[in-house]
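Okay, here's the structure, questions in a sec.
Note that the structure is predicted; figures quoted are calculated from it, not measured. Start at 1 and go down the list; that is how both ligands and their atoms are numbered.
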Amino acid sequence: MRILVTGGAGFIGSTFVRRRLAATQDTIVVLDKLTYAGNPANLADLDPGRVRLVRGDIADGPLVDELAREVDAIVNFAAESHVDRSILDPDAFLRTGVLGVHRLLEAARTERDRRGTGSRYRFVQVSTDEVYGPVPEGRSREDDPIRPSSPYSAAKAAGEHLVRAWHETWGLDACITRGANTYGPRQHPEKLIPLFITNAILDAPLPLYGDGMQRRDWLHVDDHADAVGVVLDRGVSGLAYNVSGDGEERPNRAVTEAILAQLGKPWSLVRSVPDRPGHDRRYALDGSRLRALGWEARVPFAAGLAATVDWYRENAAWWQAVRSGDWDDYYRRQYGWRLEGSAPA
Ligand code: NAD
Ligand code: TDX
């Protein structure tokens, strides 16, 4: 297969590209805007004969139309992906999540029509469990209502609605994945796990929001990437698929303790800081629909977290380069006042 992987220079997209090249004969075109989160180094070790990186925006219609002609499927990972940044600055989230998804869908529909009826042209939209909003009890199933809480998750939900509309109205062959909180190598250090690993290595404070009892079901990036591949290959058109973690929910406090234990650093680094507004307390997914396609999470959290901590320890040059540019500015805006008013956790 020839695949256009948008956002393929980011954390999960680059893992998808790496694992897909290893497991199949596919060739891949990556379209990535290389925002602060996109990093060509994530693809640097891959076979240039099978993967090509194009720098550009998914909202650039002519560019996307041209690239859509080269492939048989589009997998869209491109998004602004950090909830806290969506609260500081929502605009880019909506531009990419709504206008960008619209351009990609139009490119897929046009190309499918150009090739004629009977041609298979698949679209996979990589979405998130955050579209369900907080889940006080039980587990979200794919047909549950969606009630996003943040500008990030609202933009992701809007993208999903567009995908569904293009499927219902024009019969576009499309699936949606809703992944749980993902962790692993090459995740931008703005997110909880890599932020706390890298701050702890630097003996800097770890800003734990609120009471730290928010619960997440963590999913290793290899498992997430493979799940997207399974949906690309075998998903039923028109359906969404939850991608759950190992099924065990963990409060942020427990994740923080595990990181500190692995690094041999003290709990006194942890600071209780004012909470994120609109913070969803719990997510939990029912993953049975995807398991019925033969996928299951393989990486247990303890082993995955230990390997992730080791990766950040061994790849300081990678994250030091990422914690540069606009990093200090972002860190001050997000954490400056929070840390000033912080207390021991
Ligand atoms: P990331 O921020 O590491 O990567 C996003 C990539 O998209 C970057 O390379 C960035 O440069 C690119 N991008 C952003 N705007 C673009 C645009 N307009 N045009 C082209 N490229 C653009 O994010 P990630 O964690 O790898 O997430 C990938 C996808 O998975 C996102 O759609 C996200 O919503 C979804 N997701 C993430 C998680 C998670 O825990 N990280 C969980 C569930 C779903
Ligand atoms: O400094 C922090 N302190 C803190 O307590 C940060 C960055 C986070 N947290 C908490 C907030 C959440 O309860 O940790 C939890 C995880 O936070 P993030 O890593 O920011 O992830 P989350 O907001 O849950 O969203 C992630 O999972 C779903 C991804 O960023 C999204 O892209 C994905 O859709």
Side-chain angles (χ1 to χ4, degrees), residues 5-16 30-40 42-43 53-60 63-64 75-87 92-93 95-97 99-101 103-104 125-131 148-150 152-153 155-156 159 177-184 186-196 199 205-219 221 224-225 227-228 243 245 250-253 255-256 270-273 275-276 278-283 322 331 334-335 338-339 345:
V5 179
T6 54
F11 165 50
I12 309 172
S14 66
T15 305
F16 173 83
V30 168
L31 171 63
D32 198 295
K33 192 174 175 182
L34 300 182
T35 68
Y36 76 94
N39 190 345
N42 293 345
L43 301 168
L53 171 61
V54 176
R55 182 175 195 172
D57 192 329
I58 60 166
D60 177 345
L63 174 63
V64 164
V75 181
N76 179 32
F77 290 91
E80 292 290 335
S81 66
H82 191 38
V83 173
D84 290 321
R85 289 192 194 246
S86 82
I87 296 167
F93 288 76
R95 250 196 325 276
T96 296
L99 302 180
V101 172
R103 292 297 7 134
L104 285 178
Q125 170 71 2
V126 178
S127 189
T128 169
D129 61 356
E130 300 207 8
V131 297
S149 306
S150 71
Y152 163 72
S153 51
K156 295 298 293 184
T177 60
R178 294 183 182 146
N181 270 69
T182 305
Y183 71 99
R186 299 182 191 81
Q187 184 170 32
H188 193 285
E190 67 194 357
K191 309 289 186 343
L192 176 76
I193 288 181
L195 179 70
F196 281 19
N199 277 12
L206 313 189
L208 191 64
Y209 294 155
D211 64 1
M213 291 308 291
Q214 303 84 4
R215 303 170 88 82
R216 301 285 186 268
D217 171 14
W218 290 94
L219 170 67
V221 66
H224 193 159
V228 173
V243 189
R250 291 173 177 81
N252 294 336
R253 271 181 182 270
V255 173
T256 306
V270 184
R271 305 295 296 175
S272 174
V273 302
D275 207 349
R276 169 189 283 174
H279 196 170
D280 289 339
R281 258 191 105 69
R282 175 178 181 264
Y283 303 124
V322 173
Y331 204 85
Q334 178 61 24
Y335 295 108
R338 281 191 166 87
L339 284 167

Apply salt bridge (charged side-chain N to carboxylate O under 4.0 Å, His left out) to R282 and list each qualifying residue two or more places apart in sequence or on a separate chain.
->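 Testing R282 for salt bridge (charged side-chain N to carboxylate O under 4.0 Å, His left out), a comparison that skips the adjacent residues, returns E249.
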How far does CG of N252 sit from CD of Q214, to the nearest 0.5 angstrom?
->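 Taking CG in N252 and CD in Q214, the distance rounds to 5.0 Å.
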Show your reasoning for whether side-chain contact (heavy atoms from CB on, under 4.5 Å) applies to T6 and L104.
-> CA-CA 9 Å; T6 54; L104 285 178; 4.0 Å; yes
Pairwise distance CZ(R250) to CZ(R216) - rounded to 0.5 angstrom =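 CZ of R216 is found 14.0 Å from CZ of R250.
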Pair Y283, E130: side-chain N/O donor-acceptor within cut-off below 3.5 Å |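 Result is yes, a qualifying pair exists.
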Would you call D211 and R281 a salt bridge, using N to O less than 4.0 angstrom?
->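 Salt bridge between D211 and R281, a charged N being under 4.0 Å from a carboxylate O: yes.
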Worked check of side-chain contact (heavy atoms from CB on, under 4.5 Å) between F16 and V126 | CA-CA 11 Å; F16 173 83; V126 178; over 6 Å; no
How far does CZ of R178 sit from CG of D129, to the nearest 0.5 angstrom?
->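 Here the rounded value is 10.0 Å.
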Identify which of E80, H279, E130, K191 has a heavy atom lying nearest to atom 26 (C) of ligand 2.
->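 Going through E80, H279, E130, K191 one by one, E130 has the nearest heavy atom to atom 26 (C) of ligand 2.
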For E190, the ligand 2 atoms whose distance to one of its heavy atoms is below 4.0 Å =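 Ligand 2 atoms under the 4.0 Å threshold to E190: 7 (C).
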Has ligand 2 got any nitrogen or oxygen that is less than 3.5 angstrom from a nitrogen or oxygen of L192?
->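 Min N/O separation from ligand 2 is below 3.5 Å for L192.
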With P207 via side chain to side chain contact (heavy atoms under 4.5 Å, CB included) - residues at least two apart =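 Checked P207 against side chain to side chain contact (heavy atoms under 4.5 Å, CB included); matches are L195, F196, N199, V273, Y331, Y335, L339.
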Protein contact of atom 8 (C) of ligand 2 - nearest heavy atom, named by residue and atom, plus distance =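 Ranked first by proximity to atom 8 (C) of ligand 2 is Y209 CE1, 3.6 Å.
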Ligand 2 atoms in contact with H82 (distance to a heavy atom under 4.0 Å) =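 Answer for ligand 2: 20 (O).
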Indicate yes or no: does an N/O atom of D84 lie under 3.5 Å from an N/O atom of ligand 2?
->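 N/O-N/O distance below 3.5 Å does not exist for this pair.
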Can you list the atoms of ligand 2 that are under 4.0 Å from a heavy atom of V83?
->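 Selected atoms, number and element: 23 (O).
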Among protein heavy atoms, which sits nearest to atom 29 (C) of ligand 2, and what does the distance come to when rounded to 0.1 Å?
->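 Going by distance alone, atom 29 (C) of ligand 2 is nearest to S81 O, 4.0 Å.
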Does the side chain of V221 come within less than 4.5 Å of Q187's, by heavy atoms?
->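 The answer is no, as the side chains (C-beta and beyond) never meet within the 4.5 Å cut-off.
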Identity and separation of the nearest protein heavy atom to atom 15 (C) of ligand 2 =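 In this structure, atom 15 (C) of ligand 2 has N252 ND2, 3.5 Å as its nearest protein heavy atom.
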Protein residues near ligand 1, heavy-atom distance below 4.0 Å?
->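 G7, A9, G10, F11, I12, D32, K33, L34, T35, A37, G38, G56, D57, I58, F77, A78, A79, S81, T96, V126, S127, T128, Y152, K156, G179, A180, N181, T182, Q187, H224.
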Select one of side chain, backbone, both or neither to describe which atoms of N181 lie under 4.0 Å from any atom of ligand 2, heavy atoms only.
->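 N181 to ligand 2: contacts from backbone and side chain alike.
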Is the shortest N/O to N/O distance between T128 and ligand 2 below 3.5 Å?
->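 Min N/O separation from ligand 2 is below 3.5 Å for T128.
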Taking both backbone and side-chain atoms of F196, is any N or O found less than 3.5 Å from an N or O belonging to ligand 2?
->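 N/O-N/O distance below 3.5 Å does not exist for this pair.
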Could you list the atoms of ligand 2 found under 4.0 angstrom from a heavy atom of Y335?
->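 Heavy-atom distances to Y335 below 4.0 Å select 1 (O), 2 (C), 6 (C), 7 (C).
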Option whose closest heavy atom lies nearest to atom 17 (O) of ligand 2, chosen from R216, R276, R178 |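 Of the listed residues, R276 has the closest heavy atom.
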Inter-residue atom distance H224.NE2 - T182.OG1, 0.5 Å rounding |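 If I round to the nearest 0.5 Å, the distance is 5.0 Å.
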Decide yes or no on side-chain contact (heavy atoms from CB on, under 4.5 Å) for Y152 and R85, but give the supporting numbers first.
-> CA-CA 8 Å; Y152 163 72; R85 289 192 194 246; over 6 Å; no
Which atoms of ligand 2 have any heavy atom of Q214 under 4.0 Å away?
->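 Contacts of ligand 2 toward Q214, numbered from 1: 13 (O).
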Can you find a pair of side-chain heavy atoms, one from L31 and one from L63, that are under 4.5 Å apart?
->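 Yes, close enough: below the 4.5 Å cut-off.
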Heavy-atom contacts with L195 under 4.0 Å: which atoms of ligand 2 show up? List them by number with element.
->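 Numbered from 1, ligand 2 contributes 1 (O).
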side-chain contact (heavy atoms from CB on, under 4.5 Å) between V228 and F77, worked out | CA-CA 10 Å; V228 173; F77 290 91; 3.9 Å; yes
Identity and distance of the protein heavy atom lying nearest atom 3 (N) of ligand 2 |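 It is P207 O, 2.8 Å.
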Measure the distances from the heavy atoms of K156 to every atom of ligand 2 and state whether one is below 4.0 angstrom.
->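 In this structure, K156 fails to qualify as a contact of ligand 2 - no heavy atom is under 4.0 Å.
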About how many Å separate CD1 of I58 and CZ of R95, when rounded to the nearest 0.5 Å?
->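 Those atoms lie 11.5 Å apart.
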With atoms numbered from 1 as shown, which atoms in ligand 2 lie under 4.0 angstrom from a non-hydrogen atom of Y152?
->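 So the answer, numbered in order with elements, is 31 (C), 32 (O), 33 (C), 34 (O).
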Can you check whether T182 has an N/O within less than 3.5 Å of an N/O in ligand 2?
->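 Checking ligand 2 against T182, no N or O pair falls under 3.5 Å apart.
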Return the set of residues passing side chain to side chain contact (heavy atoms under 4.5 Å, CB included) with S81 (not counting sequence neighbours), or none when no residue passes.
->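 In terms of side chain to side chain contact (heavy atoms under 4.5 Å, CB included), with neighbours along the sequence ignored, S81 is linked to E190, K191.
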